[in-house]
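Report on the following structure.
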Amino acid sequence: MASSHSSTHTEAAKMEQVITEFFYKGVLIILESRSPYVSSRNYSGEQTVSSPSSSSSSSSSVRPRDKWFNLALRECPSALESLDLCRQSNFETVVVDVILEQKPLDWEPVTFSPKRDLVRNLSSKDKNSFCWNFDQEESGSETKSEKIIERWLVQHESRKGRDCSSGSRRSSSNNLSTLYKKSILLLRSLYVTVRLLPAYKIFRDLNSSGQIRAIKLVPRVSSFVEPFTRKEEAEMQRFWFTPVDTSCGRLSLSVLYRSSISDISSESSTPMSPQFIPDYVGSPLADPLRRFPSLPVSHGSPSSLPFSRRHSWSYDHYKASPPLVSFSPSPTHSESRASVSNPSSRCLPPMSLSPHPPETLLAHRKNTNYDEYCPSPNFSASPSPSPSPPIHIPGSHLSKALLRSESAPVNIPAPRLATSPALSCKQNLPPSPPLKVTKAGTSKDNIGPVQTGATIEKLFSFGKEDYRKYSGVKLSSNSSPRISFSRSSSRSLQDDFDDSEFPCPFDVEDDDMTDPGSRPESYDRRGHMSDPHETGLFMNRKSQDAAVGALVRMLKKAPLRQDVSSSINFSEASRPEMWSNSVQEQNQILEAVTVEHATSSSIASSRLVASKTTSDALEELRGYRELKNLLLSEGGRSYTSANYASEAEHSSRGS
Amino acid sequence: MRTIIMNCEVCQLKELEVEHFEIREVLRCILHTIVFHRALGLVRPKDVDLELFEITYVQCGDVEVEKKIDEKIDHFISWVEKHPNKKSQICLSFYEVKSKQPSWFTNKTERLYWEQWYLNLNVTQHPKSHLGKSHHSKVVIDPGDSGASEERSSRRAAVEASLREVLFQIIKFVNEKKDHVPPISEGVIYFPYEITIPSSSDSAFGMDMIKRMLQTGHPTMLS
C-alpha cells in the first residue's frame, strides 16, 4: 500500500511535473519564435555543425531541461522566471500576448534593462548572451502604439470532482507515458504552427534585418488578461490544438491570431525619419513658375514683393532703364509671415547682376530661384523651412558685394546681417532695407544720384531716397532696420518698400493698384514721406492713373542728372509743368499726359519691352492727353502759354 | 517481406499544382514536416526558410533523414521528367518492424504500417522549364513572357496558399490522431518510414532503383 501510494504519489508528482514542463516548453516555443533574443534561429547553425564529440550524442550539448518532450531548445531563464509567476496561479492558465509595438521616431535600440513587471528577477545571474528580457524598456519615448496580434492560451483545465491521484499504477504509468507522448506530439505541432502564423514573418524580418525598425514584437506572459472585445475577437482567427488528457484534467493550447497583420507591419515597418518637405506651400518647388505669375505684379500683394528683388532689378541691372517687369512675388508668399520670408530670403538670381535686357530678366525671374540672390545665407534660416541652398552658391559674391555696399552709404553694419540672423528671421524682409541701399551702392554711381543727379534709377531711387529718409528715420539711431521692420507686419513693410522704390507705375497692374491704396498707411508710417496731395492721389485712384501719378511724384522728387536717359530730361522738363499744375484733377491729367511723354520716350529709350499693362497705360495716357487737349481748348487760359510751350518741347523730343 | 496494413491511419493531402522547379522545395517542406511530427526521439529542430515561398518549415535535424528525403525527391523529379504533365502521388509510410519468429518458411521481418501519407502532386511543365538535371531545380526558372509576371506571381501565391493548407492539414491530422502512434523506443529518433514514388511500371521498388542507378550512374540509389 505504501509503495503503491508512494508510486501513485510519484506518478502524480510526475504528472504535475509533466504539466509544469509542458507549460514551460509551450511558452518557450512561443517566445523563441516571437522574440529575436530567445530565438534558437540565431544559433541553429550549431545544430548542423557536427562537433567531434556530438555526432550522434547531441544530448551532450543539450541541457537537461532542453530534453523535455524530446525537443531540445535553448534554455531561457527569463521565460522560466515568468513562469514562476504563473506557477503561483497553479499553472491553470498562461496567456502569451504577442504585441506589435510601433515605436516613436526617437526610439532607441533596445537596451537590456529590468523588465517591468512580469519577470521578478533580472537575468543578470545568467551569463547566457541569448538570455532575453521580453518586454524590455527602451530609452526612448514611452509613447508607442501597441496592438495584440496573437494571444496564446496554455491551459490546464482541471476536471473537477475527480481525484487526480486515483487509478491503478499501471494505468497511471500508462497515462503518464501516453500523456508524455501526446504532449510531445502537441508540442511538435505547436513548434510547426508558430512558424506558419503571420506573426512569424514579422519576427523573421525583424530578426534577419539588422536595421533599427520602428516596429517590434513584444511577447507578454501573464496569468490573466483582459479578454478581447467582441469586435476585436471577430477580427481574429482561432486555432485549437487538440487537448491532451491528463489524469485530472486536460492540457489545451489555442491561439487567437490576426490573419492580416501584414498591412500593419508594412505601415509601421517603414523607418520613419525626419524629412524635409521640399514642396511646402509657398516653396519655389511647389510652384516655381508662380513666382512670376505675370510680368506685372499680379496680385494685390506687393507687400510680399521681395524687397531684394526690386533692388536687384532696379539698381544693379537696370541702370539705364526702369524695370517694367514687376517684382511679382509668389502669390502664396503673401499669405503668411513664413511665406513672406521666403521671397525675402530668396533673392534675384545673380545672373541679373549684369545688365540684362529686361526680357532676359523677366525670363530669369520666372525661372530662377530667389534664393540665389539673398545677400545673407542666414536669412535662409528664416521661419520658412526652406533650406535655400542656392543662396550660398551663386549669390555669395553678390552678398559680399551687397554687404560691402551696404555698409558704405547708410552705415548699416554688415555684421548685423550675419550676426543677427534671429532678428532677420523674425522679420520677413530682413535683407530688404540694406539691399535697397546696397543696390544704390553697388553701382557706385548710384550713390551719387541719390544725392546729386537724376538717373532713371533715380526715378526708382525716389523710393530709394524715400527709403533712405525712412531708413534714416529708423537708422538715425543706428538701429538696424531689421529691428524696425520686425515691428511692423511684413505686408506693410513691403508696402513701404514698394512705395519707396516704386520704379515704374506701368509695371503695376490694376489689382496692384490696391497697394498704392495701402501705401498711404506706410507713408504715414514713415511720416515725412507722405505728401498729402500724393496721398490723396493714391487714395483716389485705383487704376493705372495712380501709377501715373506715382511716376509723376517720383519725377518731382527725383534729382536730375545729365547722364540719364531722355526720360530724365523729360522729368526735368515736366517738372515745371507738374509744379505749375494746381491741385486739381485736370492738373493730374496734365501730369499724366506730360508724364506720358516722358514715360513713352523712356520706354522707347530704355529698350524695355512694352508690357501689356504698359501699353494699356500708354493708351490711357493718350486718352488723357486728348482730354487735356480738350480742356485746354475749352478754357484755362492760364495754362495755355506754358502748356503749349511744353508740348512743343515734348513733341520735338518725342518725335 | 510481408506488409501488413492494419489500423493504419491514412491521410490524403490536398493536391498541389506545382511547376517543375517548385517540386523540390514543396516536397521537402511537406515530407520534413511530416517526419518532424514523427521523429519523436530527442531532436534539435532546424528551421528552414523556403526560397520560393514565404514559408518556414521544420526539420528534425537528423542528417540521415535529410539525405534520404533528398534522394527520394531526386528520384521523383527524374520520374516526372520522364512522365511530364501527369498527376503523381508520393506515399510516406510509417511502419513498425515486427520481427516474425523465424521459421522454416518465413524469415523475414514484417512491416506494420500504422500511418500513410499521400502527397498528391500535379506537375505542370512549361516547355522551357524542363530541366535536365534535377539538382538544378533549385534554380528558379521563370519561363514565359515578361508580361506574364503578374500571372506568375499570382500563381506563385496560389501555390504558397495551397502549401500552407497542406501543412495545416498535417498539423490537424497529427493533433487529431495520436492514439495510433506507437510508443517511443529508447534511443530511436524517428519512426521507420519509407517514401514511395510512382514508377513507370509495376515493377518492384528495387528494380526501379537499379534502373535509376544505371541511368544516372548514382552509386547509392538504394534507400
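We name chains A, B, ... by the order of the sequence lines, and we start the count at 1 in each one.
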- Query: Regarding Arg195(A) and the six-membered ring of Tyr57(B), is the cationic atom NZ or CZ under 6.0 Å from the ring centre and inside 45° of its axis?
  - Reply: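 Judged by the rule (NZ or CZ under 6.0 Å from the ring centre, within 45° of its axis), Arg195(A) is not positioned above Tyr57(B).
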pair [X]-[Y]: side-chain heavy atoms closer than 4.5 Å:
X	Y	answer
Val43(B)	Asn70(A)	no
Ser177(A)	Ile184(B)	no
Trp68(A)	Leu42(B)	no
Asp47(B)	Tyr191(A)	yes
Leu71(A)	Arg44(B)	no
Lys182(A)	Val181(B)	no

- Task: Name the region of Asp179(B), side chain, backbone, both or neither, that has any atom closer than 4.5 Å to a heavy atom of chain A.
- Result: both
- Task: Would you please name every residue forming a side chain to side chain donor-acceptor pair (under 3.5 Å) with Glu54(B), sequence neighbours left out?
- Result: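 So Glu54(B) forms a side chain to side chain donor-acceptor pair (under 3.5 Å) with Arg204(A).
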Within this structure, what is the [atom1]-[atom2] distance for the pair [X] and [Y], rounded to the nearest 0.5 Å?
X	Y	atom1	atom2	result
Phe173(B)	Thr242(A)	CZ	OG1	11.5 Å
Leu197(A)	Arg164(B)	CG	CZ	8.5 Å
Lys172(B)	Trp240(A)	NZ	CH2	11.5 Å
Glu176(B)	Leu185(A)	CD	CG	13.0 Å

- Note on the structure: Those residues at least two apart in sequence (or on a different chain) that pass salt bridge (charged side-chain N to carboxylate O under 4.0 Å, His left out) with Glu16(A) are none
- Task: Identify the two heavy atoms, one from Val192(A) and one from His37(B), that lie closest to each other, and give their separation to 0.1 Å.
- Result: CG2-CE1, 3.7 Å
